[in-house]
Structure formats: structure tokens, C-alpha cells
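A short write-up of the structure that comes next.
Lettering of chains follows the sequences in order, A, B, ..., and the numbering in each one begins at 1.
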There are 2 protein chains.
Amino acid sequence: MRKVRTVTIADVARHAGVAVSTVSYVLSGKRAISATTRQRVLESVRALGYHPNAGARALASKRANVIALVLPLRAGMNLPVLMQFATSVVATARQFDHDVLLMTADEGPEGLQRVAASALVDGLLLMDVEVRDPRVPLLRELGEPSVLIGFPADAEGLTCVDLDFARAGALCAEHLAAGGHREIALLGAPRVVYERGTGFAERTLAGFTAAAKDLKSVAVPCEETYDEVAETVKILFDQHPGLTGLVVHNEAAVGHVLAALRALGRSVPEDVSVVAICPDDVAERASPALTSVLIPAEDVGHQAVRLLMAKLDGLPADSMLLEPRLTIRESTR
Amino acid sequence: MRKVRTVTIADVARHAGVAVSTVSYVLSGKRAISATTRQRVLESVRALGYHPNAGARALASKRANVIALVLPLRAGMNLPVLMQFATSVVATARQFDHDVLLMTADEGPEGLQRVAASALVDGLLLMDVEVRDPRVPLLRELGEPSVLIGFPADAEGLTCVDLDFARAGALCAEHLAAGGHREIALLGAPRVVYERGTGFAERTLAGFTAAAKDLKSVAVPCEETYDEVAETVKILFDQHPGLTGLVVHNEAAVGHVLAALRALGRSVPEDVSVVAICPDDVAERASPALTSVLIPAEDVGHQAVRLLMAKLDGLPADSMLLEPRLTIRESTR
DNA sequence: CTCATGTGTCGAAGCGCTTCGATGGACGGG
DNA sequence: CCCGTCCATCGAAGCGCTTCGACACATGAG
């Protein structure tokens with residue numbers, strides 16, 4: 001536990017034979033410094049293994065170079081996507097020389113209040129935003145730079161990023177229609193997700209329904225245990241014997257749906273075509289590999305951070321919807 | 001975007017009619033303050049909505065009140081457990097008045113170097129530690145307080161926390177043996193996990209094998225796509241027709257294993273008893289509900305933070321193994 | 001040759017907090 | 001009644017960094 005006295009900017013300045021402020025300017029690039037001096041300073045930095053003290057920097061510059069990532073972590077969430085998302089947020093933030101503070105919703109809105117007021121973070125990234133999200137009013141109140149993943153009911157004045165789920169739902173329906181299917185169904189999120197009014201579920205449904213207006217179509221919520229899924233699928237086919245196309249927008253249930261179809265003796269894609277809205281790895285791991293619209297978690301994370309950084313620099317940042325992409329695999333014809 | 005001038009400790013002091021240092025002592029409790037003064041100060045704090053500036057506090061006290069959570073996020077990991085874990089880490093850290101900085105392994109060991117040297121964090125929590133983990137030597141070098149989840153080959157002088165996987169493996173075998181099963185198998189993690197030398201997989205295997213020494217037993221790795229699982233299960237029963245007990249230590253494959261058994265016409269638990277090592281929610285969601293040894297992610301997270309906090313206070317902190325608990329459900333007899 | 005104009009560097013004043021030593025008053029023992 | 005103690009509070013010195021204004025010197029225009 002050698003508690004070495006940490007290297008400060010003063011040590012670097014002394015070592016390089018310049019003033020403290022000169023070192024600071026070399027590092028920040030905020031004033032012109034001659035090439036020779038810059039060289040000398042950078043060498044001293046390397047030689048001493050200098051790392052600026054984060055607290056001091058934050059105090060003096062009023063910028064912590066940290067952003068908060070707020071994950072609600074409620075039931076019925078899609079972990080793999082969330083993880084991909086978190087990873088890409090961290091990676092992108094690092095590119096902008098920022099770190100990421102992890103917050104869960106457990107602390108509630110006061111948590112946001114706290115980190116913002118204490119200047120622990122410069123901005124907020126909220127995930128899994130609901131249509132009627134309790135955090136949104138506070139967010140407006142706070143006036144802290146922020147970006148939301150998902151769209152609340154009133155997105156006026158907020159910066160939001162999301163996959164265009166309506167397009168995704170429509171894309172699935174269109175793909176099935178193009179394959180000649182005349183009667184199709186949407187298996188959605190668990191009932192509780194709709195009741196909570198989570199935007200993405202509703203928007204997918206709307207897009208699906210609109211695109212399927214010339215077909216016979218039906219949409220049902222879908223729980224996530226094998227038994228419930230099997231039940232749902234059975235009822236679905238009992239009530240709609242002519243059904244030949246299925247859109248599954250429920251990551252956790254995808255495997256169960258396929259198992260249930262197997263159990264019912266309906267083969268995919270011969271008897272039923274299945275399109276999923278899920279990450280690629282899930283689609284590829286399924287059997288048969290699923291035609292799917294992927295949730296571009298990586299891209300969403302990247303864009304969200306980009307927008308937040310823009311806001312931190314005082315630039316305008318408009319909301320954006322990311323275009324979905326359909327990948328055709330073995331589960332549709 | 002009302003950029004209100006933030007409330008400082010000086011504002012509070014003025015409002016309460018005391019010195020700045022008095023406010024500080026009231027808030028930290030490091031010196032005795034009379035009840036009446038304390039009251040007055042606390043009221044001012046509330047009235048003004050004061051939140052100490054994190055940077056200033058870190059600078060002056062040399063404690064950032066932030067810990068780093070390092071998630072490798074590699075392939076073959078168990079996301080739900082990881083999430084539970086992360087959640088419990090955040091919650092526990094908050095109880096100790098600390099926040100959590102999220103780091104991925106992308107940045108490599110220099111990332112640890114960086115956050116430690118910049119005093120961004122007071123300590124490190126490393127997840128998913130491998131037997132031969134490249135981060136471990138650096139960690140020793142760094143001399144930064146840290147706690148590892150998992151045990152590296154040489155844990156000497158380090159503080160590690162983990163489920164006692166050897167006991168877990170043994171517990172499963174013992175449970176099956178007690179049920180009268182004479183020939184049992186372990187379906188483990190994907191092959192790559194063993195090749196990487198991830199400790200928990202090896203230790204489970206060892207515990208299972210030791211406990212099954214009076215039975216006929218076999219252990220095989222297990223991939224995570226349905227087709228591969230089905231294949232593995234089929235081969236397993238072809239080669240071991242007398243097999244009646246299965247231990248599954250692979251979260252992602254559990255569902256597929258049950259589906260494969262259904263497909264082979266073997267019913268659970270009539271023909272085959274199945275014990276899983278997985279979180280409770282997965283075991284409960286399966287059909288039939290699985291007898292399981294849960295991975296006490298929540299507890300691991302809690303203990304890990306507790307130990308780290310102890311170290312930050314200069315107290316000794318010994319490694320610990322958490323005792324597994326078997327829950328009997330419908331999949332064994 | 002002088003003066004306005006850059007360039008590159010320096011010194012010092014904070015940023016908001018913690019912490020150490022000092023101070024003043026209340027109190028009881030001698 | 002004086003002095004030593006103890007308790008509650010205060011003032012001031014940093015913590016390591018950024019940033020502003022000042023300054024020294026070089027440069028080119030007039």
C-alpha cells in the first residue's frame with residue numbers, strides 16, 4: 001500500500017521549468033503555447049505519470065467531466081439490450097473524455113436533484129423513459145442538461161433519442177404482407193408494460209396496426225413464462241385458424257414462442273412466419289434463426305451521448321428517431 | 001434553463017448566523033456541536049436546499065465518495081445476475097453515502113490507473129474476475145483499496161467475495177443423490193468459459209464431481225443456442241441411458257434444456273430430475289418451476305460494498321465465500 | 001526609431017470545502 | 001476569588017486546479 005504522494009500540476013511545472021498555468025494551458029489547449037514548451041511539458045507529464053486531480057479540476061472549472069446514466073431497472077426490461085446500451089454509453093462518453101456515474105431509480109427524483117445540485121455530474125442520461133414519467137417534470141425544473149432515451153408524452157423542449165418503433169412495427173407487418181400473408185398477429189410486451197404506458201410498446205403497436213390495415217390483424221400482450229406464452233399462442237391460433245404471420249416484440253418470450261409453436265406442431269417458417277423485434281444475438285441464437293428488426297442499442301447510446309455533449313457545450317440538440325433495419329433470416333417466407 | 005447561482009456552505013453559514021466551519025462540523029459530525037446550533041444549521045440547510053459541492057469536498061477531504069464498478073461485459077455472461085448485482089452495489093453504496101462510477105473493461109488496465117490516480121474514485125469493485133486475470137497484478141501495483149467478485153489464482157493479500165460454487169455444485173449432487181438418483185450429469189457453461197479458466201465454472205465442477213464420487217457422473221460444457229443444447233442433451237442420454245438427474249449451471253441454456261427434454265419425450269420430474277444453479281426468477285419462470293441453487297447476487301453486491309467501505313476506513317477486510325441455498329421446487333423428486 | 005500589435009508565459013485570485021489550532025465563556029476545585 | 005478544564009465555536013490555511021489580467025519581448029507598419 002505504498003501511499004505515494006500524488007503528482008500535482010505544480011510538480012510537473014517545476015520539472016518542466018515553467019509556470020503552473022502554462023502546464024494547464026498545454027493540457028487544455030485553451031491558449032497558444034510554443035511547440036518547444038509544449039513538448040517539454042508533455043514529456044514531464046509522461047515522466048512523472050501525472051493525472052489531473054478530478055476534484056480540483058471540477059472545482060476550478062465547474063465541469064466534473066462526468067455524466068449520470070439513470071437506469072430504472074424495473075421488471076419486464078430487456079437486459080441484453082440495456083447492457084449493450086450501457087456499454088456504448090460508457091465507451092462514447094470516454095471518447096469525449098467523460099466518465100459515467102451509474103444511478104438506479106431507487107433513489108427517486110431526489111437522486112437526480114442531488115447529483116445535479118452537488119455538481120457531481122454535468123448532465124443526465126435517462127433510460128427507459130415512460131410516456132408519463134415522473135422524472136420529466138423534475139427534469140424541466142432542474143434545468144440540468146439531459147437527454148432521454150424514449151419519448152414522454154410531452155417531449156417539448158426535451159432532447160429524446162429512440163428507435164422509431166412505429167416504423168419497426170410497420171416494417172414487420174409490411175414484410176409479412178409482402179410475403180403474401182393475409183392474417184397476422186403481434187405478440188407484444190407483458191400486459192403490465194402497456195398498463196404503465198411505456199412508449200415504445202404503444203408505438204410499435206400503432207405502427208403495426210396502421211401498416212396492417214389491409215390485412216386481418218390482431219395484437220395481444222404476452223407474458224414471459226413458458227406456460228403463459230404457450231397458452232397465449234394456443235388461444236391465438238384457436239381463435240384465428242388462418243393466422244400465418246407472427247410479429248414478436250418481446251425479447252424474453254421469443255424462445256418460448258418458438259418452443260410453443262414446435263409443441264403445437266406448427267413449423268417455422270413452413271406453417272408460420274415469425275418476425276421478431278430484438279437484438280441480433282437473440283435472433284441468431286434462436287432456432288430457426290429469426291428474421292428480425294434489431295434494436296440498435298449501440299447506436300442509440302452513441303447518439304444520446306453525442307447529443308448530451310453538444311448540450312454541455314451550449315449547442316442546440318434536437319430529438320431524433322433512429323431508422324429500424326430489418327434482417328431477413330430463416331423464420332419467414 | 002435558469003442557471004441559479006448554486007447555494008454554498010457560506011450561504012448556509014450566513015443564513016444560520018454561524019461560521020462556515022460550524023456548518024461543516026454539523027454536517028460531518030466530526031466535532032461536538034450544541035443541539036440548538038445544530039438545529040438552526042440544519043434548518044438553514046433545508047431552507048436553502050443546500051447540497052455540498054462534490055468537487056470541493058473531494059478536494060479538501062481527499063475522499064471522492066465514489067467507488068468504481070468495473071464490469072468486463074464479455075460474451076457468455078449472465079446478464080440478469082449481473083444486473084441484480086449492479087443494482088445492489090448501487091443501493092448499498094448509497095447507504096454508505098457513496099456513488100458508483102461505471103467502468104467497462106474496454107479501457108483496459110490503464111482505465112483503473114487513470115481513475116485511481118485522478119482521485120475520481122476512492123476504491124474499486126471488480127466483477128467477473130478470472131483465475132488468471134490481467135487486472136490483478138496492476139491492482140497490487142496500484143495499492144488502491146479494492147474488492148474482487150470472484151477469486152483469481154493468487155488471492156493472497158486481496159479481498160474477494162463470491163458464492164461458494166464448490167458447495168453449490170456439491171449441494172446439487174447431494175440433493176439428487178438423496179432423491180435416489182444413481183447416475184447424474186452436469187451441464188455447464190459454454191466451452192469457451194472453461195477455456196478462459198473462469199473460476200466459478202471450474203469450482204462448481206469440482207464440487208459436483210467430489211460430491212458425486214459414489215455415483216455415476218459425467219459433466220459436459222453446454223452452448224447456448226437451442227440447437228446445440230438439444231444436440232448436447234440428446235448425445236448425453238444416448239451415451240448414458242441410465243441418466244435420471246441433471247444439474248444445469250448455465251442460465252441462458254436452462255430454458256432450452258427443458259424444451260429439449262420435452263422434445264425427447266422425457267418429462268420432468270417423472271423421468272428426469274433437474275436442478276439448476278441460477279437466479280430465482282429464472283427458476284420460477286421455467287416450466288416446471290426448477291429446484292435451484294440461487295446465485296445470491298444481491299448479497300454478493302452488498303457484502304462487496306461493505307468490505308470495500310471497511311477498507312476505505314482502514315479496517316481489515318477478509319475474503320469471504322457465501323453459502324449457497326437450495327430451494328426445492330417442482331423439477332426434482 | 002517609435003508605436004501599435006501580437007505571442008507566449010507568468011502570477012495570483014479564486015472555486016467551495018475540510019480541518020487544525022485558537023479563543024472565549026462556563027464551571028468547579030482549591 | 002483565581003486558575004485549570006472542558007465545551008462550543010470561530011478564523012484561516014490550504015487542497016490542486018483553471019482562468020484572468022499583466023507583462024516581456026518580438027515584429028512590422030508608419
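When side chains are defined from C-beta on, B:Leu312 counts as touching B:His98, because their heavy atoms get closer than 4.5 Å. At least one side-chain heavy atom of A:Thr159 sits under 4.5 Å from a side-chain heavy atom of A:Lys311.
Residue B:Glu107 qualifies as enclosed at atom CD: its count of foreign heavy atoms under 6.0 Å is above 12. Enclosure of atom CD in B:Gln113 by more than 12 non-hydrogen atoms of other residues, nucleotides or ligands within 6.0 angstrom is indicated.
Nearest-nucleotide positions on DNA chain D place B:Lys62 closer to the 5' end than the other of A:Ser28 and B:Lys62.
Heavy-atom minimum distance, A:Leu124 versus A:Leu308: O-CD2, 3.9 Å.
If you walk DNA chain D from 5' to 3' and mark each nucleotide with an atom closer than 4.0 Å to a heavy atom of chain A, the marks span D:dG16 to D:dA22.
Residue B:His302 forms a side-chain contact (heavy atoms from CB on, under 4.5 Å) with just one option from B:Thr92, B:Val161, B:Leu307, and that option is B:Thr92. Tested against A:Val66, the residues B:Leu120, B:Val66, B:Asp99 include a single side-chain contact (heavy atoms from CB on, under 4.5 Å) partner, B:Leu120.
Not a single side chain to side chain donor-acceptor pair (under 3.5 Å) links A:Arg31 to another residue, sequence neighbours left out. Looking at residues two or more places apart in sequence or on another chain, you find a salt bridge (charged side-chain N to carboxylate O under 4.0 Å, His left out) between B:Asp313 and B:Arg63.
Within 4.0 Å (heavy atoms only), B:Ser24 reaches at least one base atom of the nucleic acid.
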What pairs of donor and acceptor atoms, side-chain ones from residues 40-56 of chain A against any protein atom, are under 3.5 angstrom apart with sequence neighbours left out?
residue : atom : partner : partner atom : Å
A:Arg40 : NH1  : A:Ala16 : O            : 2.5
A:Ser44 : OG   : A:His15 : ND1          : 2.7
A:Ser44 : OG   : A:Arg40 : O            : 3.2
A:Asn53 : OD1  : A:Gly55 : N            : 2.8
A:Asn53 : OD1  : A:Ala56 : N            : 2.8

Might you list the N or O atoms of the protein lying below 3.5 Å from N or O atoms in nucleotides 6-9 of chain C, with each pair's distance?
residue : atom : partner : partner atom : Å
C:dT9   : OP1  : A:Ser34 : OG           : 2.9
C:dT9   : OP1  : A:Thr37 : OG1          : 2.1
C:dT9   : OP2  : A:Ser34 : N            : 2.8
C:dT9   : OP2  : A:Ser34 : OG           : 3.4
C:dT9   : O4   : A:Arg31 : NH1          : 2.9

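Summary of helix geometry: the two end axes of the helix from C:dC1-D:dG30 to C:dG30-D:dC1, each defined by five base pairs via their C1' atoms, are inclined to each other by 50° (rounded to 10°).
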